[in-house]
There are 2 protein chains.
Amino acid sequence: MNLEEVARRAKVSTATVSRVLNNAAPVKGTTRARVMRAVEELKYRPNLHARSLAEGKSRSIGVIVSNIENPFFLDIYKAVETGAHSEGYEVLMANTDYRAEQLVTSIRLMIGRRVAGLAAIVSEMDPKLIDELNGYEIPVVFYDVGVPRQNITSIRVNYRRGMEKLTHYLYSLGHRRMGFVGHHATLGPIHERANVVLESVSRYPDLEVQTEADVDSLEGGRRAARALLSADPSLTAIVCVNDLMAVGAMREIRERGLRIPQDISVTGFDNIKLAQFCYPALTTVHIPRDQIGQNICEVLIPNDKTRPEHEMLIDPELVLRDSTGPALR
Amino acid sequence: MNLEEVARRAKVSTATVSRVLNNAAPVKGTTRARVMRAVEELKYRPNLHARSLAEGKSRSIGVIVSNIENPFFLDIYKAVETGAHSEGYEVLMANTDYRAEQLVTSIRLMIGRRVAGLAAIVSEMDPKLIDELNGYEIPVVFYDVGVPRQNITSIRVNYRRGMEKLTHYLYSLGHRRMGFVGHHATLGPIHERANVVLESVSRYPDLEVQTEADVDSLEGGRRAARALLSADPSLTAIVCVNDLMAVGAMREIRERGLRIPQDISVTGFDNIKLAQFCYPALTTVHIPRDQIGQNICEVLIPNDKTRPEHEMLIDPELVLRDSTGPALR
DNA sequence: TTGAAAGCGGTACCAG
DNA sequence: CTGGTACCGCTTTCAA
């Protein structure tokens with residue numbers, strides 16, 4: 001079933017059917033009705049590939065994330081979807097699981113689908129990535145990585161500031177032996193979140209920091225905490241790179257019979273919903289995923305009303321809850 | 001940049017370029033190399049829409065879920081993705097947020113994209129839905145809803161059995177005043193999960209059950225538990241339609257100063273990862289998302305090796321953890 | 001207001 | 001092994 005069959009049945013040309021379906025031009029009421037009826041009867045569904053091909057573009061944008069199982073990424077995706085739908089766009093999602101190779105593959109897939117715009121919410125900074133994106137004409141948004149260019153917008157969170165707020169807060173509570181739980185993508189020497197924690201060691205001479213990394217998941221957080229506590233049971237605080245891993249870490253801590261925050265404090269990062277629902281509720285840093293998603297849509301979807309920034313920096317806020325307290329040991 | 005430009009640059013025909021790119025036919029080594037170089041230099045990326053159009057199909061399958069924020073659905077999606085990728089397929093995801101209207105829209109979108117197969121992991125059973133799917137030629141899998149037909153496979157979980165195990169277990173622990181937390185899609189009189197709980201009232205004459213429903217989320221679970229406990233503070237057990245809502249319910253219970261399971265027992269359903277990481281760890285019923293995802297792939301992706309069933313029924317297992325205990329009040 | 005026809009960017013068949 | 005070319009299904013001038 002294609003346009004032609006519908007046209008034949010409605011006794012009009014394919015051009016007219018197309019016009020009706022896209023109400024792109026004035027069509028007489030009676031013919032329009034005939035066409036609609038034919039469409040109904042035939043259960044005709046336009047071939048979107050053909051449409052995109054003819055139009056030279058697809059009314060969809062691509063979103064690539066590092067780990068869709070982490071609610072942080074999912075929230076951004078959902079926010080983008082909301083914005084996109086309200087503009088009549090669809091969103092195509094791809095997940096890299098932090099693999100640089102998969103990121104390249106995903107970018108090619110999106111380009112191959114001729115998305116109108118592309119958002120890469122990923123940590124896997126890779127030279128290949130730059131090469132790959134360089135020279136495509138579509139608008140691109142990078143989150144937290146890369147530098148702005150002509151067609152590339154960069155949205156960044158000031159992780160440094162966020163982490164500083166956290167470590168400073170813990171230090172002021174008397175914590176002197178801390179652990180840092182990261183995931184593999186935060187191992188790189190350029191990663192802000194891990195860095196800040198490590199650098200604070202030099203700022204506070206009496207502070208000691210251990211580091212451990214595992215995969216970005218509940219289990220990963222748990223294993224990392226286990227490694228940390230096995231190596232040094234005297235830790236009084238564990239700083240986690242994100243909320244998801246923090247929840248995993250808390251599980252391990254409870255398992256060891258330690259109380260949070262009396263025996264040990266835990267912090268997350270992102271302020272996902274789960275941070276309010278876990279026990280104890282997690283002290284964290286808020287990253288406004290809704291706003292980020294909205295910004296992405298403004299940049300990627302052509303819109304006369306808004307003139308998007310070329311770069312934006314978010315200063316995240318500390319959220320104090322029940323997982324942190326004074327160092328008592 | 002299209003095939004023709006590449007062809008011109010490599011001084012061959014578009015047919016040859018196509019052959020090289022799909023290594024679909026023998027091509028001399030030197031010409032192949034020339035083509036590859038041209039592709040590189042031009043950074044040529046094939047237009048997937050054109051390809052799908054020419055081939056008459058797309059190497060991708062569609063997955064529609066009710067609520068991607070619920071890890072249950074996400075897990076199935078991920079499992080499908082894994083299976084699909086290993087067969088060289090992409091997967092397109094759509095989320096309905098339990099809206100029947102959105103489901104119809106999503107189905108049309110998938111059909112419009114000419115997916116090779118479609119999986120609907122949704123609870124929104126609707127007459128429109130049947131009409132919509134009836135007559136498309138592609139293979140379709142329904143989860144938990146609808147009846148098998150020629151091209152429609154049905155995967156079902158025996159919720160009844162699962163819920164019976166749960167209520168029986170709670171009853172045997174002495175619970176006589178229970179609450180049921182559902183989400184809006186489980187309100188319908190045909191829904192197995194809610195039904196079993198309600199029906200058990202008649203099987204156990206001394207059992208009382210209250211029902212409450214809210215949206216399928218952590219907050220929804222919390223609000224529903226709040227309503228339940230406000231109406232009847234003497235409840236000794238709260239049975240939740242799924243783990244996500246159970247975690248929300250537990251939050252509310254803690255907030256009221258009640259202990260789990262000493263003061264009140266809580267059960268979930270699905271056995272998502274979070275059920276092991278929340279506090280206390282959740283007693284639940286395991287639904288094998290990996291297996292379901294794998295089955296979906298077997299049904300939707302043409303494969304000579306496996307001959308998929310037309311219908312499958314899963315008998316889910318009880319998972320005892322720390323959120324349930326004897327009724328002490 | 002409508003129809004005819006030229007693409008859009010590939011694939012695949014048919015010759016050579 | 002390679003080139004020419006007829007589609008695939010839809011949009012969009014250009015004419016009528």
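Please read these numbers as outputs of a predicted model, since none were measured by experiment. In what follows, every chain begins at residue 1, and chains take the letters A, B, ... in the order their sequences are listed. All values below were derived from every heavy atom in this structure, side-chain atoms included, with hydrogens, water molecules and symmetry-related copies excluded.
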message: For the helix from dT1(C)-dA16(D) to dG16(C)-dC1(D), what angle separates the axis at the start from the axis at the finish, each from five pairs, in steps of 10°?
response: 40°

- request: With sequence neighbours excluded, tell me which residues meet ring-ring contact (aromatic ring centres under 6.0 Å, His included) with Y136(B).
  value: none

Segment of DNA chain D, first to last nucleotide, that comes within the 4.0 Å heavy-atom reach of chain B: dC1(D) to dG9(D)

task: Identify, with sequence neighbours excluded, every residue that meets side-chain contact (heavy atoms from CB on, under 4.5 Å) alongside R59(A).
output: Y89(A)

N242(A) and D270(A) side chains, donor-acceptor separation under 3.5 Å: no

message: Does K28(B) have more than 12 heavy atoms from other residues, nucleotides or ligands lying within 6.0 Å of its NZ?
response: no

- request: Please identify each residue that fulfils side-chain contact (heavy atoms from CB on, under 4.5 Å) with R99(A), with sequence neighbours left out.
  value: D97(A), Q102(A)

task: Verify the neighbour count for atom CE of M36(B): are there more than 12 heavy atoms of other residues, nucleotides or ligands below 6.0 Å?
output: no

query: Please walk me through it: do H85(B) and E90(B) pass side chain to side chain contact (heavy atoms under 4.5 Å, CB included)?
result: CA-CA 6 Å; H85(B) 279 176; E90(B) 291 297 326; 3.4 Å; yes

- request: Determine the contact category for S52(B): base if any of its heavy atoms lies under 4.0 Å from a base atom, sugar-phosphate if only primed atoms, P, OP1 or OP2 are that close, otherwise nothing.
  value: nothing

message: Using a 4.0 Å heavy-atom cut-off to protein, can you give one letter per nucleotide of nucleotides 6-16 of chain C, 5' to 3': B if the base is in contact, S if only the sugar-phosphate is, - if neither?
response: -BBBBBBB---

task: Please state whether the rings of Y98(A) and F73(A) are parallel, tilted or perpendicular, taking 30° and 60° as the class boundaries.
output: perpendicular

- request: Determine, step by step, whether E5(B) and R9(B) satisfy the salt bridge (charged side-chain N to carboxylate O under 4.0 Å, His left out) criterion, reporting the C-alpha distance in whole Å, the side-chain angles of both residues, the deciding distance to 0.1 Å, and the verdict.
  value: CA-CA 6 Å; E5(B) 290 182 44; R9(B) 175 146 194 150; over 6 Å; no

- request: Could you go through the side chain to side chain contact (heavy atoms under 4.5 Å, CB included) check for T82(A) and S86(A) one step at a time?
  value: CA-CA 6 Å; T82(A) 301; S86(A) 77; 5.9 Å; no

